[in-house]
Amino acid sequence: QVPLVESGGGLVQPGGSLRLSCGTSGFSLQYYAIGWFRQAPGKEREGISCINSSEGTTYYADSVKGRFTISRDNAKNTAYLQMNSLEPDDSAVYFCATGRTMWCPYRDSVIRSADFGLWGQGTQVTVST
């Protein structure tokens, strides 16, 4: 059983939008920070956004700042990543993960995958004409 499940990926043209969802039926996400990561072929996994558990403070990598928005609905046990103005370089498998506490592990302006515990299987996003 996969701890987290991502959905919403697909093929989109440059300049388009997608909204990814991250949920689970196995436990409550409300006690954990949630991070979004992506990994393109031949590249390292990149942390792109994180949201704290309760007060909702958000963090973004420079590569997506101003284009992507992370949010969560604890009542629905779901986190989201709204992606606008998509570019071909955004093509990757996108993963969500839970932080080890309710606070985003945002150190030196970097979101590190090693600081996150439970992961989903990923959803493919392809930006192409």
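Along the sequence shown, the residues carry numbers beginning at 1.
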Open item on the list: Over 60° means perpendicular and under 30° means parallel, so tell me whether F37 and W119 are parallel, tilted or perpendicular.
Closed with: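 Tilted: the ring planes of F37 and W119 meet at 30° to 60°.
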Hey, could you give me the [atom1]/[atom2] distance between [X] and [Y], rounded to the nearest 0.5 Å?
{"X": "D90", "Y": "S63", "atom1": "CG", "atom2": "OG", "value": "7.5 Å"}
{"X": "T58", "Y": "I51", "atom1": "OG1", "atom2": "CD1", "value": "6.5 Å"}
{"X": "R38", "Y": "F68", "atom1": "CZ", "atom2": "CZ", "value": "5.5 Å"}
{"X": "I70", "Y": "Y60", "atom1": "CD1", "atom2": "OH", "value": "6.5 Å"}
{"X": "L86", "Y": "L18", "atom1": "CG", "atom2": "CG", "value": "5.5 Å"}
{"X": "M83", "Y": "R19", "atom1": "CE", "atom2": "CZ", "value": "11.5 Å"}

Non-hydrogen atoms of [X] and [Y] that approach each other most closely:
{"X": "D115", "Y": "R107", "value": "OD2-NH2, 2.8 Å"}
{"X": "R100", "Y": "A114", "value": "NH2-O, 3.0 Å"}
{"X": "T123", "Y": "G8", "value": "OG1-N, 4.3 Å"}
{"X": "A40", "Y": "A92", "value": "N-CB, 3.8 Å"}
{"X": "S91", "Y": "V127", "value": "OG-N, 2.8 Å"}
{"X": "A33", "Y": "C50", "value": "CB-SG, 4.1 Å"}

Check for a donor-acceptor pair, side chain of [X] on one end and backbone N or O of [Y] on the other, with a separation under 3.5 Å.
{"X": "N77", "Y": "T24", "value": "yes"}
{"X": "D73", "Y": "K76", "value": "yes"}
{"X": "E6", "Y": "C96", "value": "yes"}
{"X": "S49", "Y": "Y59", "value": "yes"}

Task: Hydrophobic cluster of Y80, others only, ordered by chain and residue number, side-chain cut-off 4.5 Å - done: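 Its cluster partners, ordered by chain and number, are none at all.
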- [ ] Under 4.5 Å between side-chain heavy atoms, chaining through other members, with only Ile, Leu, Val, Met, Phe, Trp and Tyr counted: pull out the rest of the cluster around W103, sorted by chain and number.
- [x]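 Listed partners: M102.
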TODO: Answer yes if F116 and V110 sit in the same cluster of Ile, Leu, Val, Met, Phe, Trp and Tyr residues linked by side chain heavy atoms under 4.5 Å apart, and no otherwise.
DONE: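 No: no chain of side-chain contacts under 4.5 Å links F116 to V110.
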Task: Connected via hydrophobic side-chain network under 4.5 Å: V125 and L11 - done: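 No, V125 and L11 fall in different hydrophobic clusters.
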- [ ] Show your working on side chain to side chain contact (heavy atoms under 4.5 Å, CB included) between L81 and I48 and close with a plain yes or no.
- [x] CA-CA 10 Å; L81 186 69; I48 57 174; 3.8 Å; yes
Open item on the list: Could you go through T98 and F27, starting from their C-alpha distance and side-chain angles, then the distance that decides it, and tell me whether this counts as side chain to side chain contact (heavy atoms under 4.5 Å, CB included)?
Closed with: CA-CA 11 Å; T98 59; F27 60 97; 4.1 Å; yes
- [ ] Answer yes or no: does atom OH of Y94 have more than 12 heavy-atom neighbours from other residues, nucleotides or ligands under 6.0 Å?
- [x]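 Yes, enclosed.
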TODO: Take atom CD of E55 as the centre, draw a 6.0 Å sphere, and report whether it contains more than 12 heavy atoms from other residues, nucleotides or ligands.
DONE: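 More than 12 within 6.0 Å, yes.
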- [ ] Evaluate the side-chain proximity of S17 to V12: yes if any heavy-atom separation is below 4.5 Å, no if none is.
- [x]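 No. Closest side-chain heavy atoms not under 4.5 Å.
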Open item on the list: With a 4.5 Å cut-off on side-chain heavy atoms, are L4 and L29 touching?
Closed with: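 Yes, their side chains come closer than 4.5 Å.
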